[in-house]
There are 2 protein chains.
Amino acid sequence: MAEAVKSSRVEAAYERLKDEIRTNRMPPGFQAPEPEIAIRLGMSRTPVREALIRLEAEGLVELIPRRGVRVLPIRAEDMREIYQILTSLEPDAAARYAETNPGEAELAPLEQATAEMEAALESEDLDTWAEADDRFHQILLDLQGNRRLKDFVRALYDQAHRARVVTMRMRGPPHRSTQEHREILNYLRAGDGDSVRRLFKQHRTRSAEELLAILEKYKLGQL
Amino acid sequence: MAEAVKSSRVEAAYERLKDEIRTNRMPPGFQAPEPEIAIRLGMSRTPVREALIRLEAEGLVELIPRRGVRVLPIRAEDMREIYQILTSLEPDAAARYAETNPGEAELAPLEQATAEMEAALESEDLDTWAEADDRFHQILLDLQGNRRLKDFVRALYDQAHRARVVTMRMRGPPHRSTQEHREILNYLRAGDGDSVRRLFKQHRTRSAEELLAILEKYKLGQL
DNA sequence: AAATAAATTAATGCATACATTGACGAATGC
DNA sequence: GCATTCGTCAATGTATGCATTAATTTATTT
């Protein structure tokens, strides 16, 4: 699952920075010059720079000419963009995959993730729930064969991650979402592409609406 | 239209290399070590390296550990991936745009591009036709407001470009395609999102099939 | 002659050096 | 006191240097 560890400093810098951004240790809006980051990571500017270029390409940071890196905040508008794309891509991808009539062995990890979501929902363990939810989508991305789609959608997940973490606790327990996962899985088993697409589309549309409503309601201009 | 000219060497290297790849002056499979590229572009390795990292992120080249850059060939499988994504994204994006009920002024460039396609088809000027076709899609991308979608789809266009150029002359005149553009434009005018989506989906599905059939027929394993 | 080992070459990954230039603050003028 | 100019400082963009190490060639052995 984990990418091959290419023990290079660029790789190390990339992973560490990405992690610090995801976990809000480098919060949105955070800004620092390259040399500072380099010192913090204990390496020279060169590998840091290359890592930053990659992170910029993935939409996590911005390199401002004289002010260094800035961790990009996520605004409601960004979430709208991201969810529009997910709503277009994921349902079709999942439908295509369904039509390959995947066997039970292949679907096992999805079943596992779904079961975990159900259990976590029961025990009101939101962190575990979110982790399993994320895993479900990641697994599906891996199963569906389109590499470009996978990489791009994954980058979008990464961008949206922080906002999801914040808003997760601002709404009721995700019964509906959990149930939708279960239904999607059932239709994947049945090889019913059209139903998978329809449900997945609904799943994404609904979560987008919920999320945007929360951002609106709590005036969370940017995260 | 043209990106702001950020007179930096990285930018220059990026643009030149991208252009050389698009125009097949650096053909698929072409391979060269960094220092060689640097010398050819008359600059040091550093900016070249940064440009290459960006090009790699966009899927145009691959950086192989001890052998330098390699211009990625496009295989049938790649075209399939690319068209799957386009078929999911563009129709929805166009439909959303249609539902904003765009005015005639906004649609003018699209009308222009469509008219040019029709004229070029008439005079059997394939190059002009292809240019107008590309322009139509680019304009629509710009009009539709999703920036992430725009950048990503544009990168896909770039990847597919070479294959499109090659296959274009291996088939009959693109009557159907031209007509579809006209119809899509009509429904954009009418603000009829559903029809735009349906037609656009058909448009992409059909061109994908045609293209893949040609690749198959002429055994064009990679371009 | 084939296989193995040693030596050479060269590319990368990273560190470092340096010129340029924007940002910021101090000093000056009004 | 406020605006303006100048000077300092520091960050970036780029070049260069260097150690490491894979690839390749040459030499050696059987």
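Note that these values count all heavy atoms, side chains included, but never hydrogens, waters or copies made by symmetry. Residue numbering restarts at 1 for every chain, and letters A, B, ... go by the order of the sequence lines.
Atom pair B:Glu11:CD and D:dT14:C1' shows a separation of 15 Å (rounding to whole Å applied). Taking atom CD1 of residue B:Ile39 and atom P of nucleotide D:dT16, one finds them 12 Å apart after rounding to whole Å. With rounding to whole Å, B:Ile53 atom CD1 is found 12 Å from C:dC14 atom C1'.
When each of B:Met43, B:Glu15, B:Glu50 is checked for a side-chain contact (heavy atoms from CB on, under 4.5 Å) with B:Val10, only B:Glu50 meets the rule.
Considering only residues two or more places apart in sequence or on other chains, A:Arg54 meets the salt bridge (Lys or Arg N to Asp or Glu O under 4.0 Å) condition with A:Glu11. Here B:Arg67 pairs with nothing under the salt bridge (Lys or Arg N to Asp or Glu O under 4.0 Å) rule; sequence neighbours left out. With sequence neighbours excluded, the residues that form a salt bridge (Lys or Arg N to Asp or Glu O under 4.0 Å) with A:Glu34 are A:Arg45, A:Arg49. Residues satisfying the ring pair (Phe, Tyr, Trp, His ring centres under 6.0 Å) test with B:Phe136, not counting sequence neighbours, are B:His181.
At least one side-chain heavy atom of B:Met168 sits under 4.5 Å from a side-chain heavy atom of B:Asp127.
DNA chain D lies under 4.0 Å from at least one heavy atom of each of the following residues of residues 59-71 of chain B: B:Arg66, B:Arg67. Using a 4.0 Å cutoff on non-hydrogen atoms, the parts of residues 25-37 of chain A near DNA chain D are A:Pro33, A:Glu34, A:Pro35, ordered by number.
Contact annotation: A:Thr46 side-chain N/O to C:dC14 OP1/OP2 distance is not under 4.0 Å.
Each of B:Arg45 and B:Glu50 lies near DNA chain D, and the nucleotide nearest B:Glu50 is the one positioned closer to the 5' end.
Here the side chain of A:Glu81 pairs a donor or acceptor atom with the backbone of B:Arg148 at under 3.5 angstrom. Remark: side-chain polar atoms of B:Gln159 are paired, donor with acceptor, to backbone N or O of B:Glu58 under 3.5 angstrom.
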